[in-house]
Amino acid sequence: MVASPASELVVESHAGPYRVQFVDDGFGRLAAVADGAMHVLLDEKVGALYADMLTSVRERATVIEIDAGEPAKSLDRFPAYVEELIAQGFRRDHVLVAVGGGVLQDITCFLAAVLMRGVAWRFFPTTLLAQADSCIGSKSSINVGPIKNVLGTFTPPAEVIVDTGVLATLDDVDFRSGIGEILKVHAIEGPSSFDHVASNYAALRTNRGVLVETIRHSLDIKRRIIELDEFDRGPRNVMNYGHSFGHAIESATDFAVPHGIAVSIGMDMANYVAADLGVSTPAQAERMHPTLAANYAGSENAEVPFDRFLSALSSDKKNVGRRLRLVLPDREGTISVVERDDDGEFRRACERFLNEGRV
Ligand SMILES: NC(=O)c1ccc[n+]([C@@H]2O[C@H](COP(=O)([O-])OP(=O)(O)OC[C@H]3O[C@@H](n4cnc5c(N)ncnc54)[C@H](O)[C@@H]3O)[C@@H](O)[C@H]2O)c1
Ligand SMILES: [Zn+2]
């Protein structure tokens, strides 16, 4: 890792290092570098909430406003984005800038990979999930029809600017969705790291210093893993903790449960199932349950049709042959990748969790 001042983090990638800068006046920073070669893809909601702060950006750069639902990152929307960029006069040496959460990131990152065979992009993440997790790691993920995140690339940004001030306007559920990913990386770092962030759970909302420090630490944990395995061929697989179950829950509920909330349920489920199968212990599951359950409060009774859950789980792209590839804790609480038969014992443990384990 390259040495860097406390207000930034430097991430190594196949395309070279890039900086994540922690700043107080993110929109001002954006305006300072805005010019005719900058094309902003802006979350419509952020555009409305921060209209005043974006005035000078709009005067200097071109802007495409996007309603940040899942359909916006569907492949069939891309011709319109490309046509609009070309109409704006986009050239190969111009730069795309994403302003928004994971949806705007995925759209912009994917466009940056393929537009004119690859152009530069910068990211100004405005959700906690994007600031604490998805803004580094190079991945873009695009939906095709009902198939989520099936197309993608590894396309690192040129720079990331994190201003936690914009998180003040996030909905409670979107804030908790980001906390879900924060809990995930801390659990991966180890039990004491998870316990530490769990003890700060309430302070994440009330104390900006704690929030900034926690975001920075989350990114640093992720940085270490992606620098080892940017292309997700080995060590990075562990970042899928809570995700195989979480994605299956998202899919079985038609995405009624937001990503980081589903991941929180998914981690609780992974812990429960691992204890049930004897891979881990009930004590490990119980240690983490109160924090995870607090984080998915409101979804503890969400209806998860079991047949749809199982079929989504068995079609997970990380599976090997007919065996499931899961990320589970062991008896010491260490999170690792394990392969497991999709047998009756496993399915009964999953069903028990969904029926009784989420309370
Ligand atoms: N590429 C990756 O590495 C990666 C990783 C994780 C998730 N994702 C993708 O990211 C998406 C989820 O990301 P997300 O949770 O950031 O979702 P999102 O981009 O959909 O944002 C969530 C909601 O917050 C609103 N919003 C954004 N910033 C706001 C602000 N400052 N104030 C108020 N509201 C604001 C948005 O308009 C939206 O309604 C999913 O599509 C997921 O697949 C990608
Ligand atoms: Zn995730």
Side-chain angles (χ1 to χ4, degrees), residues 11 13 26-27 41-51 53-54 65-74 77 98-113 121 123-143 147-157 160 162-185 187-188 218-219 222 225-226 230-232 236 238-247 249-251 255 257-267 318 327:
V11 182
S13 80
F27 290 114
L41 289 96
L42 171 67
D43 182 321
E44 196 175 88
K45 199 164 160 186
V46 175
L49 284 167
Y50 297 94
M53 293 175 172
L54 282 160
E65 293 213 29
I66 296 174
D67 176 1
E70 280 297 313
K73 51 175 256 190
S74 184
R77 295 287 176 90
V99 180
V103 168
L104 268 292
Q105 170 186 352
D106 277 337
I107 295 167
T108 310
C109 182
F110 189 75
L111 278 169
W121 75 287
F123 190 19
F124 181 74
T126 63
T127 62
L128 181 56
L129 182 141
Q131 292 190 352
D133 178 48
S134 68
C135 70
I136 64 170
S138 311
K139 286 185 182 178
S140 68
S141 306
I142 292 303
N143 306 331
I147 316 167
K148 197 175 142 76
N149 291 347
V150 66
L151 296 187
T153 64
F154 288 98
T155 315
V160 180
V162 173
D163 175 357
T164 57
V166 301
L167 303 179
T169 49
L170 267 191
D171 284 354
D172 172 64
V173 74
D174 287 317
F175 196 83
R176 284 190 284 128
S177 184
I179 293 181
E181 299 284 9
I182 287 174
L183 294 173
K184 178 199 74 175
V185 282
I188 290 167
S218 300
L219 291 177
K222 180 168 177 179
I225 298 171
I226 59 180
E230 186 179 1
F231 298 112
D232 209 0
R236 186 172 176 176
V238 78
M239 296 289 280
N240 277 308
Y241 178 46
H243 278 65
S244 305
F245 295 122
H247 285 149
I249 289 166
E250 286 182 271
S251 160
F255 300 94
V257 180
H259 180 70
I261 304 285
V263 168
S264 302
I265 304 176
M267 289 186 275
K318 310 254 168 8
V327 187

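One-based numbering, in listed order, for ligands and for the atoms of each.
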for atom 23 (C) of ligand 1, nearest protein heavy atom and its distance come out as Asp174 OD2, 3.4 Å
Lys45 heavy atoms, cut-off 4.0 Å: which ligand 1 atoms fall inside? 34 (N), 37 (O), 39 (O)
Starting from atom 18 (P) of ligand 1, locate the nearest protein heavy atom and write down its residue, its atom name and how far away it is, to 0.1 Å. Val103 CG2, 3.9 Å
Within this structure, what is the CG-CG distance for the pair Leu54 and Leu42, rounded to the nearest 0.5 Å? 6.0 Å
Run the side chain to side chain contact (heavy atoms under 4.5 Å, CB included) test on Cys135 and Leu219 for me, step by step, so that the C-alpha distance in whole Å, both residues' side-chain angles and the decisive distance to 0.1 Å come before the verdict. CA-CA 9 Å; Cys135 70; Leu219 291 177; 3.9 Å; yes
Can you find a pair of side-chain heavy atoms, one from Pro71 and one from Arg77, that are under 4.5 Å apart? yes
From atom 10 (O) of ligand 1, work out which of Gly165, Ala98, Gly102, Gly178 has a heavy atom at the shortest distance. Gly102
Decide yes or no for Ser218 and Asp133: does some side-chain heavy atom of the first lie under 4.5 Å from some side-chain heavy atom of the second? no
State, yes or no, whether a side-chain contact exists between Ile226 and Ser138 at a heavy-atom distance under 4.5 Å. no
Heavy-atom nearest neighbour in the protein, as seen from atom 33 (C) of ligand 1, with distance rounded to 0.1 Å: Thr169 O, 3.2 Å
Answer yes if the side chains of Thr169 and Tyr50 hold a donor-acceptor pair under 3.5 Å, and no otherwise. yes
Distance to 0.1 Å, residue and atom name: give those for the protein heavy atom nearest to atom 6 (C) of ligand 1. Ser134 CB, 3.8 Å
Below a 4.0 angstrom heavy-atom separation, can you tell me which part of Asn149, side chain or backbone, both or neither, approaches ligand 1? side chain
One pair to check against side chain to side chain contact (heavy atoms under 4.5 Å, CB included): Asn149 and Lys73. What are the steps and the verdict? CA-CA 9 Å; Asn149 291 347; Lys73 51 175 256 190; 2.7 Å; yes
Indicate, as side chain, backbone, both or neither, the part of Lys148 found under 4.0 angstrom from ligand 1 when only non-hydrogen atoms are considered. side chain
In ligand 1, which numbered atoms sit nearer than 4.0 Å to a non-hydrogen atom of Lys139? 1 (N), 2 (C), 3 (O)
Taking only residues two or more places apart in sequence or in another chain, which ones pass ring-ring contact (aromatic ring centres under 6.0 Å, His included) with Phe110? Phe78
Under 4.0 Å from any heavy atom of Val46, which atoms of ligand 1 are there? 27 (C), 28 (N), 29 (C)
Closer than 4.0 Å to some heavy atom of Glu70 - which atoms of ligand 1 meet that? 40 (C), 41 (O)
Measuring only between side-chain heavy atoms, which start at C-beta, is Arg236 closer than 4.5 Å to Lys139? yes
Residue-level breakdown please: for Glu181 versus ligand 1, do any non-hydrogen atoms fall below 4.0 Å on the side chain, on the backbone, on both, or on neither? neither
With a 4.0 Å cut-off on heavy atoms, does Ala68 reach ligand 1? yes
Does a side-chain heavy-atom distance below 4.5 Å link Arg176 with Ser264? no
Polar contact flag for Thr126 and ligand 1 (N/O pairs, less than 3.5 Å): yes
Would you compute the distance between atom CD1 of Ile142 and atom CG of Leu111 and round it to the nearest 0.5 angstrom? 7.5 Å
Return the CG to OH distance between Leu183 and Tyr241, rounded to the nearest 0.5 Å. 9.5 Å
Heavy-atom nearest option to atom 31 (N) of ligand 1, drawn from Thr164, Thr153, Val166: Val166
Roughly how far, to the nearest 0.5 Å, is the OG1 atom of Thr126 from the CZ atom of Phe27? 7.0 Å
Number of protein N/O/S atoms that sit closer than 2.8 Å to the Zn ion (ligand 2): 3
Chi angles and distances behind the side chain to side chain contact (heavy atoms under 4.5 Å, CB included) call for Asp43, Val103: CA-CA 9 Å; Asp43 182 321; Val103 168; over 6 Å; no
To the nearest 0.5 Å, what is the distance between NZ (Lys45) and CG (Asp174)? 6.0 Å
List the closest protein heavy-atom neighbour of atom 44 (C) of ligand 1: residue, atom name, distance to the nearest 0.1 Å. Asp106 OD2, 3.4 Å
For ligand 1, which part of Asp43 has a heavy atom less than 4.0 Å away: the side chain, the backbone, both, or neither? side chain
What protein heavy atom lies closest to atom 21 (O) of ligand 1? Include the residue and the distance to one decimal. Thr127 CG2, 3.6 Å
Taking atom 7 (C) of ligand 1 as the reference point, the nearest protein heavy atom with its distance: Leu129 CD2, 3.8 Å
Report, in ascending order of atom number, the atoms of ligand 1 lying under 4.0 Å from any heavy atom of Gly101. 16 (O), 19 (O)
Look at the aromatic rings of His247 and His243 and report parallel, tilted or perpendicular, splitting at 30° and 60°. perpendicular
Distance to 0.1 Å, residue and atom name: give those for the protein heavy atom nearest to atom 42 (C) of ligand 1. Lys73 NZ, 3.8 Å
With Leu128 as reference, evaluate Leu167, Val166, Thr164 under the side chain to side chain contact (heavy atoms under 4.5 Å, CB included) test and give the passing residue. Leu167
For Leu49, take its heavy atoms, then give the atoms of ligand 1 lying under 4.0 Å from any of them. 32 (N), 33 (C)
